[in-house]
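Since the structure comes first, as structure tokens, the remarks are kept for the end.
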Amino acid sequence: MKAILRTVLLVITVLFLFSTVQAETFGVKKRRPKPHEFGNVLINNFSEQEKIAPVVFKHWLHRAKYTCRLCHVDIGFAMQANLTQITEEDNRNGLYCGSCHNGKEAFGPEDKKIIGENTSNCDRCHSHGKEVTFRNNFYTYRKGLPKERFGNGINWLALEEKGLVTLIDYLEGVSMPRKKIKEPEEFSLKAKQPNMPDIIFSHKKHAVWSGCELCHPEIFPVKKDTKPYSMEEIFDGKYCGVCHGKVAFPNFDCQRCHTEPVQ
Amino acid sequence: MVLLKLKSILFVALFLSLLPCSVSANRKYFDNLADPCPYDYGDILMDRKSSSANVKPVFFSHWRHRIKYSCRVCHFELDFAFKKGQTEISEEDNKNGLYCGACHDGTVAFGHTKENCKKCHTAKIISHEKEYNDFLKTVKQAPFGNELDWVEAVESGKINPVYSIYNKDDKPLEFDKKLELAADWGFIPPAYFDHKTHTRWLDCGNCHPDIFNVKKKGTKHFSMKYILDDKFCGVCHISIAFPIDDCKRCHPDWK
């Protein structure tokens, strides 16, 4: 009996080992999304099971008008795709997408017409796998805007600084009026590797878009003895990697953060 | 009897589970293909859409570009993938100044015009033997691949490939960490990796984090088995950079 057990155990271990080896896809380069695809999120909590096309959410289109904070703090969207579990009922109750997409701030589920039938707007969001002609073309929008090398190829910071966009940060009935606080100074973070330039972090540049609440206290605790975080964790989607890589400029743009000369 | 039967079933199951793995791993080891001539090494023919659009496939010579441009310009700044057929290059893109069109615009290099079509759309590898031989006379030779030492050529200043086409002030990080990579097999001396010889050509983001993650204990996977399968070092060091036939170049203590 013992012999059988041992054999079974051995086989299970070997099978497990080989199944992991076969599943590995490391050591190759991933495909980089095209500028218009960068930051797009596929939302499919319930769509497919309800036989509806999943939602393609375009970050670029929304960040051209609103701050990140408005959706991710005030409206309460998670920072990870499909974690929020949005339902149609939620939207119709004025939560999540429905906070704006209600026919007032932005288009609602239907365009109500005085004469004739209402037109459905389903396809404008539930567009995955469909041929939809959108009203806003990314490359037309991008023309003439400050350039950036990676991501959307748009320098979003410069866009805001130059006043080319006026970001909406307050939504009546959702946001609470708060006095703006003064941001802390820029500071540098020491890189772990010798000869790796230190990082300069600017609160100011981030706060325009994210406020304080987007990062603190969950992503970055504010304890003084905060454990230093590593690139490994960032590449893994933690800390700076919550935004940088998926939506904000990607983290292979090393010298954009590692800018301080090594002393 | 029952025990024996069970055992045999288990072994058959084990054998079957190993089968696809060993087949895929062995695929390359028996493809004893002839090495390309040094003046054709790294040359590729791109045919993602050409043939189906009745256009001749595109010939691209790595070594002829490498004399003038670092790998980084095309594979980092211009977003060319590291695998043939993965970059969705179109004629429109080129005319819009993307991909090949970033340089092949009629100013930096010959443009994407009708009379120039046949310069790239050749449908076959074009050997530039004479040009290669003339170039070879000016640099140090090496045993494999293009049979010349690219690292020496750049370090000695014999060639000065452009580091960035966007920003003249861009320069490599002074990151010179050397890694000693212990070999799996006891009698194989370790491989040494020098960041500095790579950063002159490549950007950090070319290799990290996709090809090589930055985990401290992640080195155990860089086995020759994967490298032969075009992974890790094999992304470049199979068909473009000096090939892995040159054992001693990474395992210098090899006797």
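Residue numbers start from 1 in every chain, and the chains themselves are labelled A, B, ... in the order their sequence lines are given, proteins ahead of strands.
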With Tyr166(B) via side-chain contact (heavy atoms from CB on, under 4.5 Å) - residues at least two apart | Arg149(A), Glu77(B), Leu78(B), Ser164(B)

Interatomic distance, CZ@Phe76(B) vs CZ@Arg32(A), rounded to 0.5 Å, equals 6.0 Å

Which atoms of Asn96(B) approach chain A - backbone, side chain, both or neither, heavy atom under 4.5 Å | neither

Any side-chain heavy atom of Leu173(B) sitting closer than 4.5 Å to one from Gln255(A)?
-> yes

Work out which heavy atom in Phe175(B) is nearest to a heavy atom in Pro194(A); give both atom names and the distance.
-> CE1-O, 3.5 Å

Please name the pair of heavy atoms, one in Asp203(B) and one in Cys254(A), separated by the smallest distance, quoted to 0.1 Å.
-> OD1-SG, 4.4 Å

Note: Glu232(A) and Val214(B) closest approach over all heavy atoms is N-CG2, 3.7 Å

What distance separates Asn251(A) CG from Cys204(B) SG, expressed to the nearest 0.5 Å?
-> 12.0 Å

Check whether any side-chain N or O of Lys29(A) sits under 3.5 Å from a backbone N or O of Asn206(B) as a donor-acceptor pair, and report yes or no.
-> yes

Shortest non-hydrogen pair, Asp176(B) vs Asn195(A), comes out as OD1-ND2, 3.0 Å

Measure the shortest side-chain to side-chain distance between Arg31(A) and Glu88(B) over non-hydrogen atoms and say whether it is less than 4.5 angstrom.
-> yes

Is chain A contacted by the side chain of His75(B), its backbone, both, or neither, given a heavy-atom distance below 4.5 Å?
-> backbone

Non-hydrogen atoms of Val28(A) and Asp230(B) that approach each other most closely = CG1-O, 4.1 Å

